[in-house]
Colleague: 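Provided herewith is a single structure, encoded as structure tokens, for subsequent inquiry.
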Amino acid sequence: MDKVFYITTPIYYVNDVPHIGSAYTTLAADILSRYMKMRGRKVFFLTGTDENAPKVAEAARAKGESPLTYCDRMAEEFKKTWDYLDIQYDAFIRTTEKRHFEVVRQFLQKLKGRGYIYEGYYKGWYCIYDETYFREEEVQDGLCPNPECRRPLQRVQERGYFFKLSAFQEALLPFLNEDKRVLPDFRRREVINFVLGGLRDLYITRQRNDWGIPFPDDEQLQVYVWVDALINYLTAVGYLQDDELFSSLWPPDVQLMGKDILVRFHATLWPAMLLAMELPLPRLLFGHGFWTVQGEKMSKSKGNVVNPLTAIREIIRFSGCEESYAKDALRFYLFRSTPFGADGDFSYENLRACYNGDLANNLGNLLNRLTTMSTKYLDGEIPPPGYDYSTEVHSVLKSYQEAMEELAFHSAIASAFTLLDLANKHLDETAPWRLYKEGNIQAVRNSLGTAIELLRISAILLYPFLPSASREILSRLGFSSAPSFKEANWGLFTEERKGIKIKAGTPIFPRMEEVIKISNQEKEITIDDFAKVDLRVGKIVSCKVVEGAEKLYQMEVDLGELGKRRTIAGIAQYYTPSELIGKNIIFVANLAPAKIKGLISEGMILAVDAPGQVVIVTPEKEVPPGSKVR
RNA sequence: GGCGGUGUAGCUCAGUGGUAGAGCACGCGGCUCAUAACCGCGGGGUCAAGGGUUCGAUACCCUUCGCCGCCA
């Protein structure tokens with residue numbers, strides 16, 4: 001029996017809602033999964049959430065929730081998003097599951113039993129935000145050396161355990177030197193360079209902060225999150241728990257991830273861990289590119305993070321297409337416009353060009369003209385092809401398949417679209433509208449049947465990228481069965497078509513006529529929206545630390561005619577009370593009150609959130625408290 | 001700094017030892033079944049710069065410049 005095709009995405013951090021980046025990976029897995037299913041393979045598609053990181057607990061507490069409640073909520077959020085995006089995963093693992101704890105602990109115990117874990121003393125720095133340890137010589141100023149981060153580091157000087165990563169430097173090379181085990185190929189070379197640069201043993205424990213997995217036999221320590229995270233791929237398929245299940249699935253056929261976690265983790269640490277346990281290595285690791293937005297890096301602080309749900313709403317808004325096809329359109333755009341291994345730049349301008357060019361003008365319009373002509377000329381008949389394009393189809397199938405095997409999604413789409421070009425060209429050359437006027441109905445049938453057949457086959461090939469639209473196209477053409485690769489052959493079903501009528505319908509991808517100029521429409525507000533915010537100048541009259549929260553200040557602010565207000569602000573790390581008292585600041589006076597640490601905060605102080613610091617905003621000249629800001 | 005990649009039409013990119021291609025955009029023509037869609041034709045590029053190998057290089061080699069990636 002064929003091995004089940006096992007596909008994984010990384011497990012996603014739950015300290016943020018799903019965005020276009022995580023959706024990209026998960027959509028890719030879905031595309032591959034649908035393709036493999038279409039080829040008749042059994043597929044196991046795994047995704048999930050990474051919940052044991054210290055920063056997850058921090059994020060939860062910042063929101064005043066227990067870590068577990070918070071994780072429950074966020075895991076649901078991910079599932080909901082994937083469901084909405086028509087992503088059909090087979091399993092969703094959460095690293096806080098009990099079975100995962102057990103597998104991780106047993107895994108480490110076995111690792112120790114094999115002599116690959118030893119006790120030692122670790123001295124260095126740790127960045128809680130990046131979940132990364134840094135050596136002494138990498139840190140000059142006590143701040144995270146990652147230029148994007150630059151947050152204060154934790155000093156670490158502790159007893160703990162190390163994984164003998166250095167023992168696998170040589171053993172990893174045969175795997176890395178194999179063709180098409182790590183893609184794209186330029187990333188594979190990076191991995192090799194990295195490994196040849198010398199592997200050091202990895203410190204795999206940290207002091208316990210009652211969130212995370214306790215280290216076996218030394219329970220006051222906690223397992224380093226990356227070790228825990230990687231083992232999810234084993235837990236989810238029954239490792240050490242269900243041997244039969246495990247042997248039917250292991251090893252993963254494709255493991256997808258962003259380029260950031262390929263080199264160090266998935267192509268080095270992970271295979272080393274597997275080699276240590278003498279487990280077969282994944283067949284293919286793929287590190288895809290990142291998305292920028294109009295040339296800029298996506299980041300929360302820039303506020304330009306693309307939410308897939310927003311993007312879909314924009315597609316609907318500007319095209320008027322149905323929601324399910326808008327989802328298809330987003331998916332299509334992401335994989336059509338950029339090679340999967342490369343970085344892409346997201347813009348609504350590009351999206352529109354891609355949508356109109358391929359989906360509206362080419363695919364949608366072809367469907368529309370064929371259904372119209374069949375209805376008009378042939379009373380809805382779906383005739384068999386009168387011309388033979390089997391050679392062309394055959395070569396397209398070949399290149400499509402080769403592309404899909406290497407996850408070269410954009411070129412797979414391109415080959416499918418050559419069939420649509422052929423169909424449009426064929427219609428132009430045979431001109432069924434003229435044949436109809438000449439009364440040559442058989443010639444009309446031959447012509448339309450040919451174009452329909454080309455469309456039918458390309459709809460099958462496009463199914464992984466356009467699941468809803470593909471089914472709709474096939475259904476309008478009289479084929480209701482689930483798309484299958486076996487049916488992507490020239491001239492099938494000519495008998496079955498008799499008596500079945502074409503279903504005319506409204507265009508599935510109506511053109512986007514409007515030019516979308518703004519990258520994120522939701523960000524645009526009117527002057528009236530802005531006027532809703534009552535901004536005032538306020539003078540800070542008192543300031544002290546909130547009890548039990550050393551990052552928070554509780555302050556009294558004089559707003560002149562509006563009286564005095566109490567506000568809570570998280571700026572204690574950046575200002576001393578004496579620096580603040582007497583200062584004029586800008587205050588949001590009509591903000592709904594909020595309870596923070598048991599205290600009511602009635603408004604907020606404006607401050608600049610700059611890397612590594614927070615700076616409060618003050619009027620440039622002395623003005624009376626209560627003055628309006630606009 | 002080390003290693004690697006890349007620089008080709010307005011844009012995105014493909015490509016080969018014999019003096020360049022696709023898609024989009026633009027212009028013209030055709031068609032009228034169709035979502036002003038479709039089909040055809042066209043403009044436009046000292047193929048980053050300089051040097052070398054060669055009968056001949058955009059392609060191979062060297063150097064320079066620009067951009068990008070990796071180096072726990």
Side-chain angles (χ1 to χ4, degrees), chain A residues 124-127 130-135 137-138 145-146 163 165-166 169 184-204 224 226 259-265 267-269 272 287 289-290 292 295 319-321 336-339 341-345 347 349-350 352-378 408 410-411 413-414 417-418 420-437 444 447-448 451-452 455 504-513:
Chain A
W125 300 89
Y126 183 75
C127 175
D130 287 340
E131 309 287 10
T132 308
Y133 290 103
F134 295 100
R135 283 171 292 140
E137 60 266 33
E138 289 176 298
N146 172 4
F163 170 56
L165 186 57
S166 61
Q169 188 165 328
D185 206 57
F186 66 91
R187 296 267 171 234
R188 185 179 67 89
R189 292 196 292 271
E190 284 177 9
V191 179
I192 292 173
N193 275 338
F194 173 72
V195 172
L196 289 177
L199 295 178
R200 272 197 305 278
D201 291 347
L202 183 73
Y203 182 57
I204 56 163
Y224 173 46
W226 259 107
K259 61 183 183 179
D260 56 330
I261 53 174
L262 174 77
V263 176
R264 280 183 287 169
F265 299 108
T268 306
L269 172 60
F290 280 172
T292 52
S319 70
C321 78
R336 162 64 162 173
S337 63
T338 305
D343 291 343
D345 186 41
S347 78
E349 199 49 59
N350 291 343
R352 175 176 170 272
C354 171
Y355 176 99
N356 278 351
D358 286 341
L359 297 179
N361 296 349
N362 218 321
L363 177 63
N365 182 53
L366 177 65
L367 173 69
N368 202 37
R369 62 199 299 215
L370 286 176
T371 52
T372 307
M373 282 193 278
S374 166
T375 307
K376 239 189 233 183
Y377 305 152
L378 304 172
H410 77 297
S411 43
I413 292 173
F417 264 73
T418 59
L420 300 176
D421 291 339
L422 275 179
N424 276 321
K425 209 165 290 189
H426 173 80
L427 289 177
D428 188 68
E429 281 162 5
T430 52
W433 48 91
R434 197 173 61 231
L435 298 170
Y436 178 73
K437 279 180 198 147
V444 173
S447 166
L448 290 185
I452 286 172
L455 177 57
T506 53
I508 54 179
F509 293 115
R511 282 176 63 87
M512 288 190 189
E513 294 301 347

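Letters A, B, ... mirror the listed sequences (proteins, then strands); counts begin at 1. Below, each value reflects all heavy atoms present in this structure, side chains not excepted, and no hydrogens, waters or symmetry copies.
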Colleague: Can you sort out the partners of A:Arg188 under salt bridge (Lys or Arg N to Asp or Glu O under 4.0 Å), two or more places apart, ordered by chain and number?
Modeller: A:Asp185
Colleague: Just say parallel, tilted or perpendicular for the rings of A:Tyr355 and A:Phe509, cut-offs at 30° and 60°.
Modeller: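 Rings of A:Tyr355 and A:Phe509: perpendicular, over 60°.
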Colleague: Give each stem of RNA chain B as a range with a range, requiring at least 3 consecutive Watson-Crick or G-U wobble pairs whose two distances are under 3.5 Å.
Modeller: B:1-7 with B:65-71, B:10-13 with B:21-24, B:26-30 with B:38-42, B:48-52 with B:60-64
Colleague: Can you list the residues that meet the side-chain hydrogen bond (donor to acceptor under 3.5 Å, both in side chains) rule with A:Thr372, with sequence neighbours excluded?
Modeller: none
Colleague: Would you give a per-nucleotide map of nucleotides 27-32 of chain B, 5' to 3', where B means the base has a protein non-hydrogen atom under 4.0 Å away, S means only the sugar-phosphate does, and - means neither?
Modeller: ---BSS
Colleague: Could you work out, with salt bridge (Lys or Arg N to Asp or Glu O under 4.0 Å) as the rule, every residue matching A:Arg264, not counting sequence neighbours?
Modeller: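 In terms of salt bridge (Lys or Arg N to Asp or Glu O under 4.0 Å), with neighbours along the sequence ignored, A:Arg264 is linked to no residue.
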Colleague: Sequence neighbours excluded, which residues qualify as salt bridge (Lys or Arg N to Asp or Glu O under 4.0 Å) partners of A:Arg200?
Modeller: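 So A:Arg200 forms no salt bridge (Lys or Arg N to Asp or Glu O under 4.0 Å) with any residue.
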Colleague: Using a heavy-atom cut-off of 4.0 Å across all strands, would you classify A:Pro507 as base, sugar-phosphate, or nothing?
Modeller: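 The answer is base, as A:Pro507 lies within the cut-off (heavy atoms under 4.0 Å) of a base atom.
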Colleague: Taking the side chain of A:Arg369 as its heavy atoms from C-beta onward, which of B:rG5, B:rU35, B:rC38 lies nearest to it?
Modeller: B:rC38
Colleague: If I compare all heavy atoms of A:Leu370 with all of A:Leu455, which pair ends up nearest, and what's the gap?
Modeller: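 Shortest heavy-atom contact: CD1-CD2, 3.8 Å.
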Colleague: Going by the rule side-chain hydrogen bond (donor to acceptor under 3.5 Å, both in side chains), which residues pair with A:Asn356 if we only count those two or more places apart in sequence or in a different chain?
Modeller: none
Colleague: Indicate, with a heavy-atom threshold strictly under 4.0 Å, whether A:Asn424 touches base, sugar-phosphate, or nothing.
Modeller: sugar-phosphate
Colleague: Just by protein heavy atoms under 4.0 Å, how would nucleotides 66-72 of chain B read 5' to 3' in B, S and -?
Modeller: ---SSSB
Colleague: Which residues pass the salt bridge (Lys or Arg N to Asp or Glu O under 4.0 Å) test with A:Asp343, not counting sequence neighbours?
Modeller: A:Lys259
Colleague: Under the side-chain hydrogen bond (donor to acceptor under 3.5 Å, both in side chains) rule, collect the residues that match up with A:Tyr126, sequence neighbours excluded.
Modeller: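 side-chain hydrogen bond (donor to acceptor under 3.5 Å, both in side chains) list for A:Tyr126, sorted by chain: A:Glu131.
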Colleague: Between protein and nucleotides 22-25 of chain B, what N or O pairs are separated by less than 3.5 Å?
Modeller:
none

Colleague: With sequence neighbours excluded, what pairs up with A:Tyr436 under the ring-ring contact (aromatic ring centres under 6.0 Å, His included) test?
Modeller: A:Tyr377
